[in-house]
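Reviewing the structure listed below.
Just so we're on the same page: letters track the sequence lines, and every chain starts at 1. Atom set for the values below is all heavy atoms of this structure, side chains included, hydrogens, waters and symmetry mates excluded.
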Amino acid sequence: MAFQPSKRRHRGMESTELTLTPVMNLMVVMIPMLLSNTQFIKIGVIDLNLPPAATATSATAVAGTLPKETRRSLDLTVSITDRGFYISSALAVLTDESTAGPTIPKKADGTYDFEQLTKKLYEVKQKAQDYFPDTEAIVIQAEKDIKYQTLVSTMDAARSIEVNDQIVILFPRVSLSAGVI
Amino acid sequence: MAFIPSRIKRHKTALVLSLNLTSMMDMFTIILVFLIKSYSTEGQLISPSNFLKLPYSQVQQPPEVGLDVFVSKQMIMVNHEPVALLADVMKNDPAVMDHGVIKPLREKLLTTSNHAKKLEVDYGIKFSGKVTIQGDRDLPYSELVKVIRTCGLSNYPNLRLVVYRESE
């Protein structure tokens, strides 16, 4: 007697599954490796280049190459004091409109007004751009007790400004001045 | 005529259990992409010291290798070796200070730079005069300037101030 052929003509599709195990193995190895190598604290550096050992001979050599008349420079200086910022340059010392106080006084809550400083320096930059060759350099000096963080924030404020979604470089070449030690 | 039920198929009811790994894979992929994005091949060039809190800055410049000078609230260290006490520097102690130059730091830097220059002559490893200064964020300006001045006068004119980058 012949068997009747199976009636299950329409078998359900075999469920095809990806073999995920090798991928999982890879993930399990890679994630701890990358995790252990990741720096969550981002560290950066600020360049502060001093002139290499300024001796008397090199100073006269530089001065000798250029005629005095052409060495017109802006000499922009920001002084950090406990009352606020003073901005001075070859042109003038900028003062507050009303008094002879600092150019940019501290805010009412006693913190430094870095935004105002950036805006003021942007004005200076725009005015000075056509007249002076050294429109990237700035000298920052501070009173004795000014904290390092304030100094770094001042450098930040002097570095660039965002105008109309465009970053304008202000004065990135910073030198520090100590006055008389 | 009735068929005899298959005796083989009687036990073919074993339930196939399988974990649904797809969502886990999704998660892992996202983590992996995130980690690869923040992965740098350079490794950690500068290891921040535990003794001090670096200041925050918006600067985007990546760190560079250089001689490490730490200025914490207690002492000044070069390559993790204590050189001078900050209290002496603040007092302008004549045993330590000489016209705004920190004497022990200067000696240490000169020794290191001489050694580095010798390496440059012997093996061609270039001496860049780079020094990375890690200062505490509460350090007063007068002390910082002393350290910077000493570095500048001791064959290390290329200063790098190490800061934490503020994430935008």
* **Engaged part of B/S154 at the chain A interface, taking heavy atoms whose separation is under 4.5 Å** =>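 No part of it gets close to chain A.
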* Answer with side chain, backbone, both or neither: which region of B/L139 has an atom nearer than 4.5 Å to a non-hydrogen atom of chain A? =>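 Both parts, heavy atoms under 4.5 Å.
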Where [X] and [Y] come nearest, the two heavy atoms and their spacing:
X      : Y      : result
B/Q58  : A/D156 : N-OD2, 2.8 Å
B/P140 : A/D145 : CB-CA, 4.2 Å
A/M27  : B/M25  : CE-CE, 4.3 Å
B/D136 : A/Y148 : O-CD2, 3.0 Å

* I would like to know whether B/F28 and A/M24 meet side chain to side chain contact (heavy atoms under 4.5 Å, CB included); could you show each step before the answer? => CA-CA 9 Å; B/F28 270 11; A/M24 289 292 300; 4.1 Å; yes
Given side chains that start at C-beta, do those of [X] and [Y] come closer than 4.5 Å, heavy atoms only?
X     : Y      : value
A/M33 : B/L35  : no
A/I46 : B/R160 : no
B/K53 : A/Q149 : no

* To do: To the nearest 0.5 angstrom, please state how far the CG atom of B/L144 sits from the CD1 atom of A/I146.
  =>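 Here the interatomic distance stands at 12.5 Å.
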* Asked: Can you tell which of A/I80, A/T150, A/L34 has the highest number of heavy-atom pairs within less than 4.5 Å of chain B?
  ->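 Winner by heavy-atom pair count: A/L34.
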Is it the case that one hydrophobic cluster holds both [X] and [Y], taking links as side-chain heavy atoms less than 4.5 Å apart, direct or via other members?
X      : Y      : value
A/V152 : A/I161 : yes
A/L26  : A/V28  : yes
B/L161 : A/V139 : no

* Asked: Non-hydrogen atoms of chain B under 4.5 Å away: do they reach the side chain of A/I31, the backbone, both or neither?
  ->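 Both parts, backbone and side chain.
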